[in-house]
*Asks:* 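My questions will all concern the structure given below.
Side chains are part of it too, since the values below use all heavy atoms of this structure and drop only hydrogens, waters and symmetry mates.
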Amino acid sequence: MTAASATRADRRLLRSALDLAARGWHVFPCACGGKRPALRGNWQALATTDPGRVFAWWTRAAYNIGIAYGPSGLIVIDLDTPHGQQPGDPAAATGADVLTGLCEQHGQPYPLPTYAVDTPSGGIHLYYTAPDGRVRNSAGRLGPLIDVRADGGYAIGAGSRIGERAYTLRDERAPIPMPPWIADLLEDKPLPAAAGLPVPVPVLRGARGTAYAMAALRDEARLVAAARPGTRNDTLNRAAFSLGQLAAAGLLPPLAVMTVLASAAARAGLPAGEARRTIRSGVAAGARRPRKLPR
């Protein structure tokens with residue numbers, strides 16, 4: 001990058017940071033070309049809407065822009081793409097496909113229009129104003145390839161860059177309130193197996209269904225492996241139930257489900273015998289309520 005182009009990049013980032021702060025969104029600098037906060041101390045406490053501080057930060061370096069969701073009163077639904085997928089690949093399910101399926105299942109419209117940003121990975125961030133009740137940060141709770149970022153979370157704002165790719169503003173209108181039916185799905189509720197209800201996960205046919213199921217397997221294994229003490233068995237049970245439904249629908253081999261979950265449970269520190277019992281019980285419960293493929 002030449003000195004002249006670097007200067008232009010700095011000005012664009014400064015304008016973007018000032019525009020976001022003018023919306024009342026608390027911003028803070030992240031690493032140039034990266035995602036990590038570039039501040040010492042608590043980034044959420046230091047994030048600001050003050051244009052003077054924003055000007056001082058972004059005239060110092062071409063920082064990427066972090067948006068602190070809690071103080072900004074925002075919730076973002078992050079619709080991702082499978083790792084290794086090229087944008088536009090028609091054979092792979094995406095987070096947007098999963099959200100479409102959820103909308104169809106619940107008889108609700110797709111939650112647009114709202115402020116939206118295309119990400120460098122080919123995904124999209126959908127912004128909403130936070131509801132009165134607390135919504136937690138979560139990965140995969142609504143479904144594979146969907147993360148929810150709320151109080152305590154942040155993401156990179158429009159105008160920022162990762163390598164040669166940019167976060168690009170898709171829709172600049174003000175965020176709409178988070179749809180109540182989505183907020184309801186994010187509430188802590190009894191396990192589906194105990195409640196006798198299926199997990200609200202849509203299923204797709206053909207190659208897209210297979211890609212969706214494999215993404216679900218990867219995401220559930222990641223959640224199990226990262227589960228903290230006190231939540232590990234519950235997380236494993238939920239994962240086994242959800243994947244058991246997909247296995248019963250013919251989208252995943254049951255043995256692969258059990259093997260992958262057992263490995264993830266071991267990484268989380270669960271005893272092998274306890275993990276095996278939980279996996280078998282959860283998969284069996286899910287198999288009694290297999291997901292139905294659309295006709």
Side-chain angles (χ1 to χ4, degrees), residues 1 3 5-80 95 114-139 146-178 186 226:
M1 181 181 287
S5 62
T7 301
R8 288 195 296 272
D10 293 353
R11 288 199 297 266
R12 286 196 296 268
L13 285 163
L14 172 61
R15 285 197 299 270
S16 295
L18 287 170
D19 288 345
L20 292 169
R23 290 177 175 267
W25 297 355
H26 292 240
V27 299
F28 63 95
C30 287
C32 301
K35 298 182 180 181
R36 297 179 68 86
L39 297 175
R40 295 179 180 177
N42 186 330
W43 54 263
Q44 182 163 271
L46 294 171
T48 186
T49 60
D50 176 28
R53 192 184 303 176
V54 170
F55 185 87
W57 277 336
W58 272 275
T59 52
R60 188 181 307 161
Y63 292 120
N64 274 347
I65 305 164
I67 303 172
Y69 294 140
S72 302
L74 294 170
I75 291 177
V76 168
I77 294 180
D78 180 1
L79 304 176
D80 206 353
T114 193
Y115 186 92
V117 174
D118 291 321
T119 71
S121 66
I124 181 172
H125 290 169
L126 301 179
Y127 284 62
Y128 303 95
T129 57
D132 292 335
R134 178 176 171 81
V135 174
R136 297 181 182 180
N137 293 295
S138 63
I146 301 181
D147 292 348
V148 176
R149 301 178 184 178
D151 189 16
Y154 74 93
I156 306 302
S160 304
R161 302 188 70 85
I162 304 295
E164 296 301 316
R165 296 182 178 180
Y167 287 81
T168 305
L169 185 61
R170 173 183 286 203
D171 194 327
E172 64 180 356
R173 73 190 74 196
I176 62 175
M178 167 164 270
L186 294 169

*Asks:* Any side-chain heavy-atom pair from R149 and D78 closer than 4.5 angstrom?
*Replies:*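 Side-chain contact under 4.5 Å: yes.
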*Asks:* Taking only residues two or more places apart in sequence or in another chain, which ones pass ring pair (Phe, Tyr, Trp, His ring centres under 6.0 Å) with Y167?
*Replies:*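 Not a single residue meets the ring pair (Phe, Tyr, Trp, His ring centres under 6.0 Å) criterion with Y167.
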*Asks:* Would a distance-only check, ignoring hydrogens and angles, find a side-chain to backbone donor-acceptor pair under 3.5 Å from S72 to L74?
*Replies:*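 No, S72 side chain to L74 backbone: no donor-acceptor pair under 3.5 Å.
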*Asks:* Would Y69 and I75 count as a side chain to side chain contact (heavy atoms under 4.5 Å, CB included) here? Give the steps.
*Replies:* CA-CA 6 Å; Y69 294 140; I75 291 177; over 6 Å; no
*Asks:* Is there side-chain contact between S121 and D80, with heavy atoms separated by less than 4.5 Å?
*Replies:*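 Sidechains of D80 and S121: in contact.
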*Asks:* Using the benzene-type ring in the case of Trp, are the ring centres of W57 and Y63 under 6.0 Å apart?
*Replies:*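 Ring centres of Y63 and W57 not closer than 6.0 Å.
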*Asks:* Between Y128 and Y115 (judged by ring centroids, cut-off 6.0 Å), do the two rings come close enough to count as a pair?
*Replies:*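 Here the rings of Y115 and Y128 have centres that are no less than 6.0 Å from each other.
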*Asks:* Taking the side chain as C-beta and beyond, is there a heavy-atom pair between R36 and C30 under 4.5 Å?
*Replies:*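 No, too far: nothing below the 4.5 Å cut-off.
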*Asks:* Checking the side chain of N64 only, and the main-chain atoms of G34 only, is there a donor and an acceptor separated by less than 3.5 Å?
*Replies:*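 Yes; judged by distance alone, with no hydrogens or angles, the pair exists.
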*Asks:* If we only count heavy atoms from C-beta on, is the F28 to L46 side-chain gap below 4.5 Å?
*Replies:*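 F28 does not reach L46 side chain to side chain.
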*Asks:* Has the side chain of T114 got a donor or acceptor atom that lies under 3.5 Å from a matching backbone atom of Y127?
*Replies:*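 Yes, T114 side chain to Y127 backbone: donor-acceptor pair under 3.5 Å.
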*Asks:* Taking the side chain as everything from C-beta on, heavy atoms only, tell me whether I124 gets closer than 4.5 Å to V117.
*Replies:*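 With C-beta onward as the side chain, the pair stays apart.
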*Asks:* Given side chain to side chain contact (heavy atoms under 4.5 Å, CB included), test L14 with T59 step by step and report yes or no.
*Replies:* CA-CA 7 Å; L14 172 61; T59 52; 4.0 Å; yes
*Asks:* CD/Q44 to CG/D151 distance, rounded to the nearest 0.5 angstrom?
*Replies:*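 Output value for this atom pair is 5.5 Å.
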*Asks:* If every non-hydrogen atom of S16 is compared with every non-hydrogen atom of A158, which pair is closest and at what distance?
*Replies:*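 Nearest pair, atom of S16 first, then A158: CB-O, 3.5 Å.
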*Asks:* Can you name the closest pair of heavy atoms from I162 and G33 and give their distance?
*Replies:*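 Smallest heavy-atom distance, with atoms named: CD1-O, 3.6 Å.
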*Asks:* Which atoms form the tightest heavy-atom contact between A116 and L126, and what is the distance?
*Replies:*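 It is CB-CD2, 3.9 Å.
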*Asks:* How long is the straight-line distance from CH2 of W43 back to NE2 of H26, given to the nearest 0.5 Å?
*Replies:*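 So the NE2 of H26 and the CH2 of W43 are separated by 12.0 Å.
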*Asks:* L18 and R15: side chain to side chain contact (heavy atoms under 4.5 Å, CB included), yes or no, with the steps?
*Replies:* CA-CA 5 Å; L18 287 170; R15 285 197 299 270; 5.8 Å; no
*Asks:* Are any side-chain N or O atoms of S160 and backbone N or O atoms of I65, one a donor and one an acceptor, separated by less than 3.5 Å?
*Replies:*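 Present.
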*Asks:* Contact between R161 and R12 at the side-chain level, heavy atoms closer than 4.5 Å - yes or no?
*Replies:*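 A side-chain contact is absent here, since even the closest heavy-atom pair is not under 4.5 Å.
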*Asks:* Would you give the length of the straight line joining atom CG of D147 to atom CD1 of I77, rounded to the nearest 0.5 angstrom?
*Replies:*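 Rounded to the nearest 0.5 Å, the CG-CD1 separation comes to 10.5 Å.
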*Asks:* What's the shortest heavy-atom distance between P131 and M178, and which atoms?
*Replies:*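 It is CD-CB, 4.3 Å.
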*Asks:* Indicate yes or no: at least one non-hydrogen side-chain atom of L20 is less than 4.5 angstrom from one of W25.
*Replies:*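 In short, these two side chains touch, coming nearer than 4.5 Å.
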*Asks:* Would you call V148 and L186 a side-chain contact if the rule is heavy atoms closer than 4.5 Å?
*Replies:*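 Contact flag for V148/L186 side chains = yes.
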